[in-house]
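The first residue in the sequence is number 1, and the count goes up from there.
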Amino acid sequence: MLVAFVSDQGDRRANQDNAIVDIRQGLYAVLDGVGGGDSGELASALAAVTFRDEVCGSGAGLEPAVQAAHEALVDFAAQSGIETYCATTIAAVQETSHGMLAVWAGDSRIYRLTQDRLEQVSTDHADAEGALTQALGHPSLAYIASGSSCYAAEPGARWLICSDGLFRGLESEDIARLLGAPLDVGQITESLLRAALDADPGDNITLIVLEEEAGPSKSGGDDEEPLRAHREIEQKRPKSPLDWLRTLGMGRDG
């Protein structure tokens with residue numbers, strides 16, 4: 001798998017997006033936090049750590065891991081007395097020996113491009129006004145009705161996992177053209193980011209581009225890290241998930 005990743009704060013005062021890029025485990029996810037103050041960034045950070053620990057540490061399936069992350073957020077909000085809305089979306093893809101697995105909740109999206117045909121794998125969990133109907137940490141939801149799908153491995157297929165800051169200002173035709181360009185995944189990632197910034201979505205923008213290939217995974221950007229929040233863009237780097245948990249006294253050192 002060829003992999004590239006980027007995140008940008010955009011016009012927001014803080015970046016509430018987070019991501020999982022775990023090449024060794026074949027796990028990739030984008031989480032878009034919602035809520036006032038720091039609660040959105042906190043939600044996406046805590047959910048990212050919990051989701052990855054469940055999948056990579058406990059061997060949980062993607063949907064049970066989504067539920068575990070949701071419950072961790074609900075429990076944390078109740079115990080800490082957070083009064084603001086503290087929730088996050090998630091869109092995740094896992095590379096397995098049986099093919100590619102996808103799961104999502106909220107309005108972060110997963111796209112798949114094969115032979116110049118773009119498919120939106122995920123379905124937005126939002127009402128007609130755009131309000132989220134599914135989100136990890138949503139206080140009125142006991143169970144997250146996440147969407148899921150699976151695909152056979154197909155060398156050359158490209159995947160895009162992104163927060164809504166990317167696609168709000170771009171048409172599907174634009175995404176298909178940029179994702180299908182004869183460039184490497186790192187260049188594609190940068191061109192998608194530039195196009196989204198030019199469209200001025202007024203939101204954080206986070207995206208992961210994957211290209212299936214026969215053989216071991218390779219990074220198309222920074223050196224591999226099992227869990228990371230953001231590559232620095234214009235010195236606008238927020239706290240990583242692990243930094244957030246250490247701030248709260250919940251992190252693991254080493």
Side-chain angles (χ1 to χ4, degrees), residues 1-8 10 15 17-23 26-32 44 48 62 88-95 99-126 146-199 201 203-213 217-222 228-231 233:
M1 186 73 69
L2 299 171
V3 184
F5 159 76
V6 71
S7 185
D8 191 273
N15 194 338
D17 291 354
N18 267 295
I20 298 169
V21 180
D22 192 328
I23 296 173
L27 184 64
Y28 311 96
V30 168
L31 302 92
D32 182 357
S44 63
L62 297 186
T88 183
T89 70
I90 187 169
V93 171
Q94 184 180 27
E95 179 187 14
M100 305 290 287
L101 307 180
V103 69
W104 61 90
D107 62 356
S108 292
R109 288 184 181 176
I110 303 170
Y111 295 91
R112 182 175 183 262
L113 183 76
T114 55
Q115 299 178 349
D116 296 325
R117 176 181 176 272
L118 183 69
E119 174 188 1
Q120 183 180 325
V121 173
S122 59
T123 303
D124 294 348
H125 291 136
S146 54
S148 64
S149 189
C150 61
Y151 291 80
E154 184 175 341
R158 286 178 175 170
W159 294 75
L160 169 63
I161 313 168
C162 60
S163 60
D164 62 347
L166 178 83
F167 60 80
R168 291 303 180 200
L170 298 179
E171 299 294 335
S172 296
E173 293 79 8
D174 298 322
I175 295 174
R177 174 178 54 82
L178 294 168
L179 190 58
L183 303 171
D184 65 43
V185 291
Q187 293 170 317
I188 290 171
T189 300
E190 294 293 346
S191 64
L192 281 164
L193 175 63
R194 285 195 300 271
L197 288 171
D198 288 344
D203 202 355
N204 309 144
I205 302 167
T206 299
L207 62 141
I208 301 169
V209 173
L210 311 173
E211 182 175 327
E212 295 182 52
E213 62 170 2
S217 298
K218 299 177 183 178
S219 172
D222 302 331
R228 56 187 179 182
H230 304 281
R231 203 184 78 185
I233 300 294

As an exercise, state the distance from CD of E211 to CG of L113, rounded to the nearest 0.5 Å. 10.0 Å

Measure the OG1-NE2 distance between T89 and H125 for me, rounded to the nearest 0.5 Å. 11.0 Å

Which atom of T206 lies closest to which atom of S7, heavy atoms considered: OG1-OG, 2.6 Å

Rounded distance [0.5 Å steps], OG in S191 versus CG in L183: 6.0 Å

Rounded to the nearest 0.5 Å, what's the gap from CG on L179 to CZ on R112? Could you check? 11.5 Å

Is it true that, when you exclude D198 itself, more than 12 heavy atoms of the residues, nucleotides or ligands shown sit nearer than 6.0 Å to its CG? yes

Between V3 and V185, is the side-chain contact (heavy atoms from CB on, under 4.5 Å) condition met? List the steps. CA-CA 6 Å; V3 184; V185 291; 5.9 Å; no

Closest heavy-atom pair, T114 versus A157, reported as atoms and distance to 0.1 Å, is CG2-CB, 3.6 Å

Sub-4.5 Å side-chain heavy-atom contact between D203 and S163: no

At their closest point, which heavy atom of I208 faces which heavy atom of A29, and how far apart are they? CD1-O, 3.5 Å

Heavy-atom pair with the smallest gap, counting every atom of I205 and L197: CD1-CD2, 3.7 Å

Closest heavy-atom pair and its distance - L178, A195: CD1-CB, 3.7 Å

Would you say the side chain of R109 lies within less than 4.5 Å of the side chain of D124, judging by non-hydrogen atoms? yes

Taking side chain as C-beta onward, heavy atoms only, is L207 less than 4.5 Å from V30? no

Looking only at the side chains, is there a donor atom on one of S44 and T88 sitting less than 3.5 Å from an acceptor on the other? no

Taking C-beta and beyond as the side chain, do Y151 and E212 meet within less than 4.5 Å on heavy atoms? no

Looking at L2, L210, I188, which one forms a side-chain contact (heavy atoms from CB on, under 4.5 Å) with R158? I188

Does any non-hydrogen side-chain atom of E95 lie less than 4.5 Å from one of M100? yes

I23 side chain near Y28 side chain, heavy-atom distance below 4.5 Å: yes

With sequence neighbours excluded, tell me which residues meet side chain to side chain contact (heavy atoms under 4.5 Å, CB included) with T123. W104

Keeping the roles fixed (side chain from E190, backbone from Q187), state whether a donor-acceptor pair exists under 3.5 Å. no

Going by the side-chain contact (heavy atoms from CB on, under 4.5 Å) test, name the single residue among D17, I90, D32, L31 that passes it with S108. D32

Using atom types as modelled, flag every donor-acceptor pair under 3.5 Å from a side chain in residues 166-177 to any protein atom, sequence neighbours excluded.
| unit_1 | atom_1 | unit_2 | atom_2 | d |
| --- | --- | --- | --- | --- |
| R168 | NH2 | D107 | OD2 | 3.0 |
| D174 | OD2 | E171 | N | 3.2 |

Smallest heavy-atom separation, A91 atom then I110 atom, equals CB-CG1, 3.7 Å

